[in-house]
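Remarks on the structure that follows.
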Amino acid sequence: MSPSPAPRSLDQLLDALARQPFRARFHLRGRDRATAGLKGPATLRWHAYDLVAKRLAPAEPYKDGKQTPYRGHPVFVAQHATATCCRSCLQRWHGIPKGRTLTRDEHVYVVDVICHWIAREMAGGAFSGQDPCRTDPGHEIS
């Protein structure tokens, strides 16, 4: 698993996920879209990193399969749209096995997928799509 998949391969993955009826329902709207616009990509990346660390990275996450709300934060919406909402979806769609803690590379990969989806959703607005954390390889969560 590559810690920083090429944007084209991420786009192909997200396009495939968007063809799934359940995943296709998810878009940033209302308060979640406004939050994404106000916070910006760097802050959302930190939020995604933190939320994944707490809710998805452990070998056996608390309430696995039910730990990700459907709204309330742009990262939650993105997790459902990108099949990074629970360990079963991670295994099925991303090939990351259940029953063990995510590696650092897997953790960063999941955050990359989430942030790429958010950037695509926000492309029509004031969101630049450029994530300053991804352009600095020495950044702590890059």
Side-chain angles (χ1 to χ4, degrees), residues 1-59 61-98 100-142:
M1 174 102 6
S2 171
S4 298
R8 182 169 167 81
S9 64
L10 275 182
D11 284 328
Q12 291 170 341
L13 170 67
L14 296 180
D15 290 344
L17 286 164
R19 288 190 292 274
Q20 299 298 311
F22 174 74
R23 309 272 171 218
R25 295 183 351 205
F26 295 97
H27 295 283
L28 288 181
R29 296 184 179 101
R31 184 175 285 164
D32 292 330
R33 185 175 186 85
T35 299
L38 288 171
K39 298 293 183 186
T43 300
L44 287 177
R45 178 169 287 282
W46 275 109
H47 289 186
Y49 193 85
D50 185 54
L51 289 168
V52 168
K54 291 176 181 170
R55 295 170 177 256
L56 198 61
Y62 178 69
K63 290 186 171 181
D64 192 25
K66 297 179 178 112
Q67 76 267 42
T68 306
Y70 286 96
R71 61 184 166 271
H73 196 289
V75 171
F76 295 150
V77 178
Q79 284 185 271
H80 288 291
T82 62
T84 58
C85 47
C86 68
R87 294 305 295 263
S88 294
C89 291
L90 267 184
Q91 183 169 304
R92 178 176 181 201
W93 285 96
H94 302 278
I96 299 174
K98 295 166 69 169
R100 65 166 175 76
T101 303
L102 294 182
T103 66
R104 184 176 191 285
D105 285 349
E106 290 167 342
H107 190 148
V108 171
Y109 165 79
V110 170
V111 171
D112 284 345
V113 171
I114 291 167
C115 291
H116 193 75
W117 183 86
I118 292 172
R120 280 176 40 146
E121 283 287 300
M122 297 300 290
F127 203 78
S128 71
Q130 277 289 20
D131 186 342
C133 297
R134 296 308 304 153
T135 59
D136 177 10
H139 194 274
E140 186 174 327
I141 64 168
S142 292

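All values derive from a computational prediction rather than experimental measurement.
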| request: Kindly give the heavy-atom pair with the smallest separation between Ala18 and Ala24, and that separation in Å. | output: O-CB, 3.1 Å
| Roughly how far, to the nearest 0.5 Å, is the CG atom of Leu44 from the CG atom of Leu51? | 10.0 Å
| When rounded to the nearest 0.5 angstrom, what distance separates NE2 in His73 from NE2 in His47? | 5.0 Å
| field | Heavy-atom side-chain proximity of Gln79 to Leu56 below 4.5 angstrom | value | yes
| field | Validation row: Ile96, Gln91 side chains within 4.5 angstrom (heavy atoms) | value | no
| query | Are Thr43 and Leu38 side-chain neighbours, meaning at least one heavy-atom pair lies under 4.5 Å? | reply | no
| message | Is there a side-chain contact between Lys98 and Leu90 in this structure, where contact means two heavy atoms from C-beta onward sitting under 4.5 Å apart? | response | no
| note | Taken to the nearest 0.5 Å, the spacing of Thr84 OG1 from Arg55 CZ works out to 12.5 Å
| Under 3.5 Å, side chain of His107 to main-chain N/O of Tyr49, donor-acceptor pair present? | yes
| Any ion pair linking Arg19 and Asp15 (charged N to carboxylate O, less than 4.0 Å)? | no
| request: Report yes if the side chains of Arg45 and Lys39 come closer than 4.5 Å at any heavy-atom pair, otherwise no. | output: no
| query | Nearest 0.5 Å, what's the CZ-SG distance between Phe26 and Cys85? | reply | 7.5 Å
| Is the shortest heavy-atom distance from the side chain of Ile118 to the side chain of Val77 under 4.5 Å? | no
| remark: So CD of Glu121 and CZ of Arg29: to nearest 0.5 Å the spacing works out to 8.0 Å
| query | With no hydrogens and no angle check, is any side-chain donor or acceptor of Arg23 less than 3.5 Å from a backbone partner on Leu14? | reply | no
| Quick one: are Asp64 and Cys86 in side-chain contact, heavy atoms under 4.5 Å? | yes
| message | Is any side-chain heavy atom of Leu28 closer than 4.5 Å to one of Trp117? | response | yes
| said: What's the separation between atom CD1 in Ile114 and atom OH in Tyr109, rounded to the nearest 0.5 Å? | reply: 10.5 Å
| said: Please verify the inter-ring angle class for His80 with Phe22; under 30° counts as parallel, over 60° as perpendicular, anything in between as tilted. | reply: perpendicular
| message | Check Glu106 with Arg100, please: is the shortest side-chain N to carboxylate O separation under 4.0 Å? | response | yes
| note | Nearest heavy-atom contact between Gln67 and Gly65 is OE1-N, 2.7 Å
| note | Note: Ala36 and Pro74 closest approach over all heavy atoms is N-CG, 3.8 Å
| Are Asp11 and His116 linked by a side-chain donor-acceptor pair shorter than 3.5 Å? | yes
| remark: Closest non-hydrogen atoms of Leu10 and Asp112, given as atom of the first, atom of the second and distance, are CD1-O, 4.1 Å
